[in-house]
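Read the structure below first, then the notes.
Please read all numbers here as calculations on a predicted model, not as lab measurements.
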Amino acid sequence: FPSSLGLLIPRCRESMANSASGMAVNDECKLKFLELKAKRNFRFIVFKIDEKIQQVTVEKLGRPDESYDDFTACFPPNECRYAVFDFDFVTDENCQKSKIFFIAWSPDSSKVRSKMLYASSKDRFKRELDGIQVELQATDPSEMSIDIVKGRAL
């Protein structure tokens, strides 16, 4: 009897871990991220969880000439999103650099279920995007202002 209990416990733990991160990642997410990173075809990418198909998908691609303001304007005020932004800056030593930011947007006004879904899927999704250098969590626009981004980049 005790040995059969021992067999049940690991199985339960395993299925709970899978259900917490059961969100699939659409291949386009990884392909577009690689283009942003390697070819710099995009300034940013906004990702959305499509609950119907249980998948993270690309919602918007930002052209290389788009600004940080264009990027932040893409975030819906009442819905969660993930995004990456390729931030160019000049160091104190006058070197031109760039860093890829990952932003988890979870406004207070979004639905609790949505916030939980985005929070539980974030780490797995982020692992699919190899090359993220800085992560920001934001619940309102002030938490991802350009000054905060500059401060985190340097």
query = How far does CG of Asp140 sit from OG of Ser106, to the nearest 0.5 angstrom?
reply = 11.5 Å

query = Would you say the side chains of Thr57 and Asn26 form a donor-acceptor pair under 3.5 Å?
reply = no

task = State whether the number of non-hydrogen atoms from other residues, nucleotides or ligands found under 6.0 Å of Lys111 atom NZ is greater than 12.
result = no

query = Can you tell me if Asp69 and Ser67 form a side-chain donor-acceptor pair at under 3.5 Å?
reply = no

task = Measure the shortest side-chain to side-chain distance between Lys48 and Lys60 over non-hydrogen atoms and say whether it is less than 4.5 angstrom.
result = no

request  = Output yes when a side-chain donor or acceptor of Ser120 lies under 3.5 Å from a complementary backbone atom of Met116, and no otherwise.
outcome  = yes

inquiry  = Return the OH to CZ distance between Tyr118 and Phe47, rounded to the nearest 0.5 Å.
reply    = 11.0 Å

task = For the pair Lys150 (side chain) and Ser145 (backbone), establish whether a donor and an acceptor sit closer than 3.5 Å, ignoring hydrogens and angles.
result = no

inquiry  = Given 3.5 Å as the limit, does a donor-acceptor pair link the side chain of Gln133 with the main chain of Ile100, or not?
reply    = yes

task = State, yes or no, whether a side-chain contact exists between Asn41 and Leu36 at a heavy-atom distance under 4.5 Å.
result = no

inquiry  = For a 4.5 angstrom cut-off between non-hydrogen side-chain atoms, does Arg81 reach Pro76?
reply    = yes

request  = Please list, chain by chain and in numerical order, all residues satisfying side-chain hydrogen bond (donor to acceptor under 3.5 Å, both in side chains) with Arg43, sequence neighbours excluded.
outcome  = Asp88

request  = Applying salt bridge (Lys or Arg N to Asp or Glu O under 4.0 Å), run through Glu135 and Lys122 and close with a yes or a no.
outcome  = CA-CA 11 Å; Glu135 181 184 334; Lys122 183 187 70 159; 2.6 Å; yes

query = At what distance, to the nearest 0.5 angstrom, does CD of Gln55 lie from CZ of Phe125?
reply = 11.0 Å

task = Answer yes or no: is there a side-chain heavy-atom contact under 4.5 Å between Leu129 and Lys126?
result = no

task = Enter the distance from Ile49:CD1 to Cys80:SG here, rounded to the nearest 0.5 Å.
result = 8.0 Å

ask   = Can you list the other members of the hydrophobic cluster that holds Ile103, where links are side-chain heavy atoms under 4.5 angstrom apart?
value = Phe44, Val46, Tyr68, Phe71, Phe75, Phe85, Phe87, Phe89, Phe101, Trp105, Val134, Leu136, Met144, Ile146, Ile148, Val149, Leu154

task = Would you sort out whether Asp65 and Arg63 count as a salt bridge (Lys or Arg N to Asp or Glu O under 4.0 Å), showing the intermediate values?
result = CA-CA 5 Å; Asp65 62 341; Arg63 295 184 318 275; 3.2 Å; yes

